[in-house]
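Shown next, in C-alpha cells, is the structure this report addresses.
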Amino acid sequence: MADSPTTALKRSEDQLESSHNGNLENGTPATGNGLSTDEPALKRVRLDEPNRPRERIKGVAPIKEEYLILNPGQSAPVGEEPAVDDDAAEGQAYDPRDQQQNSQQGGKRKKQKGQNKEREFGTFSDAVRLCNSVAWTPEFSPRPCKFGDRCNALHDIRKYLSEGRRPDLETFGGKCPVYETHGTCSSGWRCLYVRSHMEEIEREDGRKELVLKGDSSKTTDDEPGEARLGVVNVVPPQVKIELSKKKTVWEKSERYLEWMAKDTELARKHYHKKKDDTSEQNDYRAQYVEPPFKPSEKRKVYFGPETPVLAPLTTQGNLPFRRLCVELGAQVTYSEMALGLPLLQGQKADWTLMRAHESEITPPRFNPSGPVVQGYDNSNDLKFGVQITAHAPWIAVKATEALTRFLPHLRVVDLNCGCPVDMIYKSGAGSALLDAPAKLERMIRGMNVVSGEVPITTKIRMGVKDDKLTAQKLIERLALGSADTREQLGAPGCAAVTLHGRTRQQRYTKAADYNYIAQCAVAIKEYNRQLDAVADTIKEPDESTLPNGGKMYFIGNGDLYSHVDYYSQLEKTGVDALMLGRGPLIKPWLFSEIEQGQYLDKSAAERLTYVEKFARYGMEAWGSDELGINYTRRFMLEWLSFFTRYIPIGVLEHLPPVLNDRPPAYRARDDLETLLTSKNYKDWIKISEMFLGPAPPNFKFQPKHKSNSYEIEAEG
Ligand SMILES: Cc1cc2nc3c(=O)[nH]c(=O)nc-3n(C[C@H](O)[C@H](O)[C@H](O)COP(=O)(O)O)c2cc1C
C-alpha cells in the first residue's frame, strides 16, 4: 500500500532522526548534513560527493541537495507543501459563465441547482454596456436596435471607448492577438486591443467615421460575438431555445424508450420468476419483441500506443487547454463532462462545453503495429469526443440523440461512470452507475441505438468501495451484455472502456492499481474473443451491436507522469492505449516526451510560452473583450494551480518523477522558475497579468484545491 504523503514525510523525518541519534550515541555531534565530523576523511569525502544520490523516500520528491532550502540548524529537508486535494478539483465547478450570464440577463435566470456556491469569481464587465446593435458595425451604420428608445445600453462608440470601458491593454505590444492571427476580431469594439484594429476614415462629406479593420465576412452576422474563429460544434441559438421550450422532436429516442420500458419490465419479471417456473408466460425469450429499430452501423475507432489520450477534465479540460495539448501531441481529447439534463434543457453553458477547436477534428496519429479492426478509416476519424453523465437511461439516450444530431464533429459520446463527486453520485449518476450494471447496460444500448454513426464509450473506476472491485464484471457486461438477455439483444455496443485504476472510495489517496488494470486487460481479450466467435457463428453477424466488428478497446488511466511510466505500463498491462489527466495539467509537454521517448527539461521561459499560448487561445475561444479576457484569466488560474506543481527534472536527484510526490522546501534554478513553483494564488494572478494585463479590481479567485489556497482571504 502506498503511503500518504504525510505518512511518507513523517517516515522520512523519523529516518533522519534515527541517523542523528546514531551519531549522538557514538558521542559525535551532528553536522548540517547529518554526518559526523569525526568520520574518517576518506569516507566523508565519498559521502559528501555532490552527486551521490540519497535514498528515495516514498511520497517525497527527491530534490537535489543544492536546491533545498534548509532553515538554520536544520539538517534535512522538510516537506512544506500540504498534500494536494485532486478530489476537490474533480468536482464540477460552479461555472462563472453562468454567473456572468445571470448578471447580464438582469438576474432573471434561475441559478442551476447543485452549483458550488462557495466559489465566486466576481463579475467582470465594462463600466457601461455597449449595445449589440453597434458592437461590430461602422460608426455610421448601426443595425436596428431591438429595444428602440427603451434601450439603456450605450450606442455612441466614441463615448464607449473613452468612458465605458478600461483603456486598451499593453500586453502583446498592444496588438490584438486574435486580429494578428485571423485578420479579424470577433470582439469588435469591445476588444481590449481595439485600437490595433480600428481606424478613422474621412468621408466625402468631411465627416470622420470610426471603422473596424478586418475581414468581417469571417464572422457571422447573426451572432458576431458568438462565432469564434477556429471553433467548431457551435450550436445555433434557435436549437437551444427549442430545447428550453421543450419543442424538440425526439425522432428516435421516444420510440426506443417506449420499447425499452416494456422490455425492461419483461426482463425484470423473468429475473424474478421462481426457479422451477418454466411456463412460457415468464420466459423472456418467448415474449421478447424486437426493438423498433436497430443502431446504425458505427464509424470504427482506433486506440493504440501512438494515440495518448487526454482525459476528460472538468473545468481544466477547456478548449484552450486541449488545443495546447493537441499541439504538443495529444491524439484523443474529451470535452469536460456535461450533465445530460441541462443539455436537454438547452442550457447555454453546457452546450458551450461541447465546442472544440478545429485542430481537434483532425485524424489521430495512426501507426499500428498489430492488426486493426476492419473498416477503420483514419482519414474519417477525429480526435474530439464528448462526455456526459446521467442518472436515468432516458436522459442518457435523449442527450445522446441531441448531441449527435446537433454537433457535427464527434468522435464518440462517452458516458462517465467514474465521477466520485457526492452531488453526482447521490443522484445515481457518475460512479453510482458502477453499482447499477443493469441500468448502465440499458443506457449504453439506448445511446448506441440513437447515436447514428457515432460510437458510444464509457469511463469507469475499479468500483465504488475498496473491498468490492466490480470493474471486471462490469466490463464483461459492457462487452457481452447480461447473460439472461444476451442471446436476444446481442452485445450492448460499447466501443471502448477506459478504466481509472482507483475506486470511488480511494479518490486520489492511493496509487492507481495497474495490476488490476492488467487483469481486466486479460479479461477483455477473452470477451473480445467471444465477440469474435459470435460474429463468426451467428447466421448474420449484427454489425450494429458489435462496434468495431466485435472489438471493444481498453484504455488504462492513472498517475502517468513520464514517457517511462507510459511505455512501461503499456507493456506491463497489455491495454490498447493510455489516458493522461493530471500529468498534462502539470506538464502539458508530457505528450511530446511520449512522442519523442525522452525527458524534456523545460526552462521556466519555455514553460511561460505555454502560458502565453493559453492566453492567446483563451482570447480566441472566449473573446478579447473584458468578459473573454477574464474568463481566460480565471481558467488560466485554475490551470496554474496544477502547472505550478511541476518540479523541474533538472532539480531532481532521481528519475522518473512521480506525480504524487511533493517537494520539500526548495528554490528553483532561477527567479522565474521559482515564481512558477508558487502555491500562492496572488502570484498566479501576477503571472496572468504578464499576458492579460491588470486584473480588474473586482476580480476574485479561489482555487478549488484547499491546499493551494494558503494566504487566501475569504474573497480574493
Ligand atoms: C481536475 C480534474 C477534473 C476531472 N474531471 C473529470 C471529468 O469531467 N470526467 C471524467 O471522467 N474524469 C474526470 N477526472 C478524472 C480524470 O479524467 C482521470 O481519470 C484521473 O485524473 C486519473 O488520471 P490521472 O492520474 O492521469 O490524473 C478529473 C480529474 C481531475 C483532476
Side-chain angles (χ1 to χ4, degrees), residues 2 84-93 95 116 119 308-318 321-322 325 330 332-340 350 353-354 385-390 412-421 423-425 429-434 457-462 471 496-504 506-514 516-517 555-562 565-566 569 575 577-588 590-591 594 635 637-643 645 657-661 703-708:
V84 276
D85 179 6
D86 287 326
D87 241 16
E90 191 170 340
Q92 173 112 7
D95 192 338
N116 176 5
R119 282 181 9 120
V309 178
L310 175 65
L313 295 163
T314 297
T315 310
Q316 302 281 350
N318 48 60
F321 179 72
R322 297 197 311 266
C325 288
V332 177
T333 58
Y334 288 93
S335 72
E336 299 171 54
M337 177 185 79
L339 301 178
D350 294 78
L353 295 181
M354 307 289 109
V386 290
Q387 191 190 55
I388 57 166
T389 194
V412 299
V413 175
D414 186 74
L415 182 67
N416 179 324
C417 309
C419 180
V421 174
M423 183 189 82
I424 308 279
Y425 176 76
S431 56
L433 293 170
L434 299 173
T457 59
T458 50
K459 180 161 177 280
I460 62 175
R461 284 188 179 230
M462 296 197 299
V497 177
T498 303
L499 174 60
H500 174 192
R502 290 189 177 85
T503 60
R504 171 176 192 262
Q506 259 164 28
R507 303 280 178 110
Y508 286 90
T509 55
K510 290 183 193 163
D513 186 344
Y514 275 90
Y516 187 77
I517 292 179
I555 299 111
N557 166 235
D559 295 347
L560 301 172
Y561 196 46
S562 65
D565 291 347
Y566 184 86
Q569 294 301 6
V575 295
L578 287 167
M579 173 184 275
L580 309 100
R582 290 163 303 153
L585 287 173
I586 298 171
K587 49 172 210 183
L590 176 53
F591 291 109
I594 289 169
F635 288 101
L637 299 183
E638 299 279 8
W639 175 39
L640 288 175
S641 74
F642 278 93
F643 193 70
R645 271 161 71 174
V658 174
L659 201 156
N660 298 317
D661 277 1
K704 255 196 224 175
H705 301 231
K706 291 208 178 79
S707 56
N708 280 341

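We count ligands from 1, going down the list as the structure has it; atoms in each ligand are counted the same way.
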Report, in ascending order of atom number, the atoms of ligand 1 lying under 4.0 Å from any heavy atom of [X].
| X | value |
| --- | --- |
| Lys459 | 10 (C), 11 (O), 12 (N), 15 (C), 16 (C), 17 (O), 18 (C), 19 (O) |
| Tyr508 | 15 (C), 20 (C), 21 (O), 29 (C), 30 (C), 31 (C) |
| Gly558 | 23 (O), 25 (O) |
| Ala311 | 17 (O) |

Heavy-atom pair with the smallest gap, counting every atom of [X] and [Y]:
| X | Y | result |
| --- | --- | --- |
| Arg322 | Ser335 | NH1-CA, 3.9 Å |
| Gln506 | Met462 | OE1-CE, 4.2 Å |
| Arg582 | Phe642 | CG-CE2, 3.8 Å |
| Leu310 | Tyr334 | O-CD1, 3.5 Å |
| Gln569 | Leu560 | CG-CD2, 3.8 Å |
| Tyr425 | Ser431 | CD1-OG, 3.4 Å |

- Message: Please check this pair: side chain of Asp350 against backbone of Ala338, looking for a donor-acceptor N/O pair closer than 3.5 Å.
- Response: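 A pair under 3.5 Å: no.
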
Which one holds for [X] and ligand 1: side chain close, backbone close, both close, or neither close, with close meaning a heavy atom under 4.0 Å?
| X | result |
| --- | --- |
| Gln316 | side chain |
| Leu313 | both |
| Trp639 | neither |
| His500 | side chain |
| Asn557 | side chain |

Pick whichever of [options] has a heavy atom sitting closest to [atom].
| atom | options | value |
| --- | --- | --- |
| atom 17 (O) of ligand 1 | Gly581, Pro312, Ser641 | Pro312 |
| atom 11 (O) of ligand 1 | Arg502, Gln387, Arg582 | Gln387 |
| atom 24 (P) of ligand 1 | Asp559, Thr498, Leu310 | Asp559 |

- Message: Quick check: Asn416 and ligand 1, any N/O pair under 3.5 Å apart?
- Response: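 So ligand 1 has an N or O lying under 3.5 Å from an N or O of Asn416.
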
- Query: Does any N/O atom on Leu560 come nearer than 3.5 Å to any N/O atom on ligand 1?
  - Reply: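 In fact, backbone or side chain, Leu560 has no N or O that close.
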
- Look at Arg502 together with Asp559 and state whether they make a salt bridge at an N to O cut-off of under 4.0 Å.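 Result for this pair is yes, salt bridge flagged.
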
- Message: Testing the 3.5 Å rule here: is there a donor-acceptor pair between the side chains of Thr498 and Asn557?
- Response: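 Asn557 and Thr498 do not have a side-chain donor-acceptor pair below 3.5 Å.
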
- CG of Leu415 to NZ of Lys459: how many Å apart, nearest 0.5 Å?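 Going from the CG atom of Leu415 to the NZ atom of Lys459 covers 11.5 Å.
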
- Query: With a 4.0 Å cut-off on heavy atoms, does Tyr334 reach ligand 1?
  - Reply: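 In this structure, Tyr334 fails to qualify as a contact of ligand 1 - no heavy atom is under 4.0 Å.
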
